[in-house]
Amino acid sequence: MKLQCGTQSSSSSGSAASPTGGAPRTRLDVVFDAVEAFARSLEPTPDLVCSLALFNDKRRVALEQVPVLRGDLLDRLREVRRSVRASGGGLYGEALHALQELCGAAEVNVGILLSDGVPTEE
C-alpha cells in the first residue's frame with residue numbers, strides 16, 4: 001500500500017493567530033500538521049510506504065516510498081517541513097501528475113491533496 005500526499009506551498013499562505021499566543025501559524029503550517037497527524041495514525045504499519053509531493057508552479061517529490069516504521073516517516077516529514085518555503089502558485093494539475101507518477105504497481109494507492117490556497121490554473 002502507498003500513501004501519496006501533495007501539499008501546496010503558495011506565496012499567499014496567510015497566517016492565523018496561534019492558539020497558545022505564540023508566533024502566528026501559516027496555512028502551510030496547518031497543511032503540514034494535517035499530514036503529520038495522518039502519518040502518526042498510520043504508525044506502525046510494516047507494509048505501508050508513503051511518498052510526498054510538493055507543488056506550486058511546478059512539482060517536486062520530497063519523499064518517495066518511505067516505510068511507515070518507528071517514527072522514521074515523521075522525522076522525514078519534519079525535515080521536509082523545515083525546508084519548505086511558500087513560493088507561489090497553486091497548479092493542482094501538477095499535484096495530480098506527481099500522484100500519477102508516484103503510483104506504481106502497489107495493490108492499493110491512496111492519494112491526498114492538501115492545499116494552503118486556491119488553484120491558480122484554469
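For clarity, every value in this text was computed on a predicted model and none was experimentally measured. In what follows, residues are counted from 1 in the order of the sequence shown.
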Rounded distance (nearest 0.5 Å) linking atom [atom1] of [X] with atom [atom2] of [Y]:
{"X": "Cys50", "Y": "Leu74", "atom1": "SG", "atom2": "CG", "result": "9.5 Å"}
{"X": "Glu94", "Y": "Arg60", "atom1": "CD", "atom2": "CZ", "result": "14.0 Å"}
{"X": "Arg25", "Y": "Asp33", "atom1": "CZ", "atom2": "CG", "result": "4.0 Å"}
{"X": "Arg85", "Y": "Thr26", "atom1": "CZ", "atom2": "OG1", "result": "10.0 Å"}
{"X": "Arg82", "Y": "Leu77", "atom1": "CZ", "atom2": "CG", "result": "10.5 Å"}

Legend entry - Atom CD of Gln100 with >12 non-hydrogen neighbours under 6.0 angstrom: no
Legend entry - Polar side-chain atom of Arg59 near backbone of Tyr92 as donor-acceptor pair, under 3.5 Å: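 Not a single qualifying donor-acceptor pair exists.
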Inset, instruction - Indicate yes or no for a side-chain donor-acceptor contact from Ser51 to the backbone of Leu102 under 3.5 Å, with no hydrogens or angles considered. - result: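 No; judged by distance alone, with no hydrogens or angles, the pair does not exist.
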Inset, instruction - Applying side-chain contact (heavy atoms from CB on, under 4.5 Å), run through Leu99 and Ile112 and close with a yes or a no. - result: CA-CA 9 Å; Leu99 175 64; Ile112 301 170; over 6 Å; no
Legend entry - Shared hydrophobic cluster for Phe38 and Val30 (ILVMFWY, side-chain gaps under 4.5 Å):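 They do not share one cluster, since no chain of ILVMFWY contacts under 4.5 Å joins Phe38 to Val30.
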Inset, instruction - Identify whether Leu114 and Leu96 are in the same connected component of the hydrophobic contact network (ILVMFWY, side-chain heavy atoms under 4.5 Å). - result: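 No, it is not one cluster - the side chains of Leu114 and Leu96 are not joined through contacts under 4.5 Å.
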Just so I know, are the side chains of [X] and [Y] near enough to count as touching, which here means a heavy-atom distance under 4.5 Å?
{"X": "Val68", "Y": "Val49", "value": "no"}
{"X": "Leu113", "Y": "Phe55", "value": "yes"}
{"X": "Leu91", "Y": "Lys58", "value": "no"}

Legend entry - N-O pairing of Glu36 and Arg78 below 4.0 Å: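 Result for this pair is yes, salt bridge flagged.
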Inset, instruction - Could you give me the CA-CA distance, side-chain angles and deciding distance for Thr120 and Asn56, then say whether side-chain contact (heavy atoms from CB on, under 4.5 Å) is met? - result: CA-CA 9 Å; Thr120 57; Asn56 42 44; over 6 Å; no
Legend entry - Residue pair Leu28, Arg81: steps toward the side-chain contact (heavy atoms from CB on, under 4.5 Å) verdict: CA-CA 9 Å; Leu28 194 56; Arg81 183 180 192 160; over 6 Å; no
